[in-house]
Amino acid sequence: MVKFENPLGTIEIKEEYFSELLGSIVPTCFGVVGMANRNTFQGVRSFFARKTQYLDQGVSVTREPDGLVIELHIVVTYGLNISTVVRNIVEKVRYTIEEVTGMNVKKVDVFVDDMIS
């Protein structure tokens with residue numbers, strides 16, 4: 001649970017909200033084929049439920065005192081400029097989270113786990 005206070009009171013947001021929000025935004029970015037598994041649990045879950053896509057796949061959000069730290073594991077299209085794709089993702093994620101929640105995004109780490117032609 002991510003908690004923060006503002007002049008109107010205390011706001012609590014579940015990590016699942018961020019994961020599902022980011023899981024629906026990141027795959028729509030140019031050059032992103034899909035999300036990769038970020039841990040063993042997601043790998044096992046994907047293995048047994050092959051036809052089901054989970055929105056939290058490849059997304060991790062943690063709260064630090066000075067903002068959110070977002071970790072994304074992606075699969076990109078072969079032949080594209082990876083730095084441009086990653087920069088686009090970082091800007092879109094930062095803008096969306098700050099607009100929707102009003103929370104500061106400290107860092108967005110993007111890991112390219114695979115490339116598909």
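No experiment lies behind these values; they were computed from the predicted model shown.
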Practice prompt. May I have the step-by-step check of side chain to side chain contact (heavy atoms under 4.5 Å, CB included) for V108 and L72, ending in yes or no?
Written response: CA-CA 8 Å; V108 179; L72 303 168; 4.2 Å; yes
Show me the donor-acceptor pairs, under 3.5 Å and distance only, between side chains in residues 90-97 and residues at least two apart or in other chains.
unit_1, atom_1, unit_2, atom_2, d
K92, NZ, T28, OG1, 3.2
R94, NH1, V105, O, 2.6
T96, OG1, K92, O, 2.7

Practice prompt. Could you tell me whether the side chain of F18 reaches within less than 4.5 Å of the side chain of R63, counting heavy atoms only?
Written response: no
Discussion item. Which residues pass the salt bridge (Lys or Arg N to Asp or Glu O under 4.0 Å) test with K107, not counting sequence neighbours?
Written reply: D109
Fill in: Stepwise side chain to side chain contact (heavy atoms under 4.5 Å, CB included) check, I11 with M103
CA-CA 11 Å; I11 297 175; M103 299 180 72; over 6 Å; no
Discussion item. Just verifying a value: how many Å separate M35 CE and D113 CG, rounded to the nearest 0.5 Å?
Written reply: 9.0 Å
Worksheet item: For V33, which fellow cluster members are found when Ile, Leu, Val, Met, Phe, Trp and Tyr are connected by side-chain heavy-atom distances below 4.5 angstrom, either directly or through intermediates?
Response: V75, I116
Worksheet item: Should V59 and V112 be counted in the same cluster of Ile, Leu, Val, Met, Phe, Trp and Tyr side chains packed under 4.5 Å apart?
Response: yes
Discussion item. Is it the case that the side chain of D114 and the backbone of I74 share a donor-acceptor pair, with hydrogens and angles ignored and the cut-off at 3.5 Å?
Written reply: no
Item to complete: List the steps and the verdict of side chain to side chain contact (heavy atoms under 4.5 Å, CB included) for V86 and F111.
Response: CA-CA 9 Å; V86 169; F111 299 94; over 6 Å; no
Worksheet item: Quick one: are V32 and V85 in side-chain contact, heavy atoms under 4.5 Å?
Response: yes
Response to the item:
Rounding to 0.5 Å, atoms NZ (K14) and OG (S19) come to a distance of 12.5 Å
Practice prompt. Decide yes or no for I82 and M115: does some side-chain heavy atom of the first lie under 4.5 Å from some side-chain heavy atom of the second?
Written response: yes
Discussion item. My understanding is that only residues two or more places apart in sequence, or in another chain, count here; which of them pass side-chain hydrogen bond (donor to acceptor under 3.5 Å, both in side chains) with E99?
Written reply: none
Worksheet item: Is a side-chain donor or acceptor of T101 paired with a backbone partner of E98 at a separation under 3.5 angstrom?
Response: no
Worksheet item: Stepwise, does the side chain to side chain contact (heavy atoms under 4.5 Å, CB included) test hold for L68 with T62?
Response: CA-CA 6 Å; L68 296 174; T62 55; over 6 Å; no
Worksheet item: Can you name the residues that form a side chain to side chain contact (heavy atoms under 4.5 Å, CB included) with N88, not counting sequence neighbours?
Response: C29, F30
Worksheet entry | side-chain hydrogen bond (donor to acceptor under 3.5 Å, both in side chains) partners of T84, counting only residues at least two apart | N81
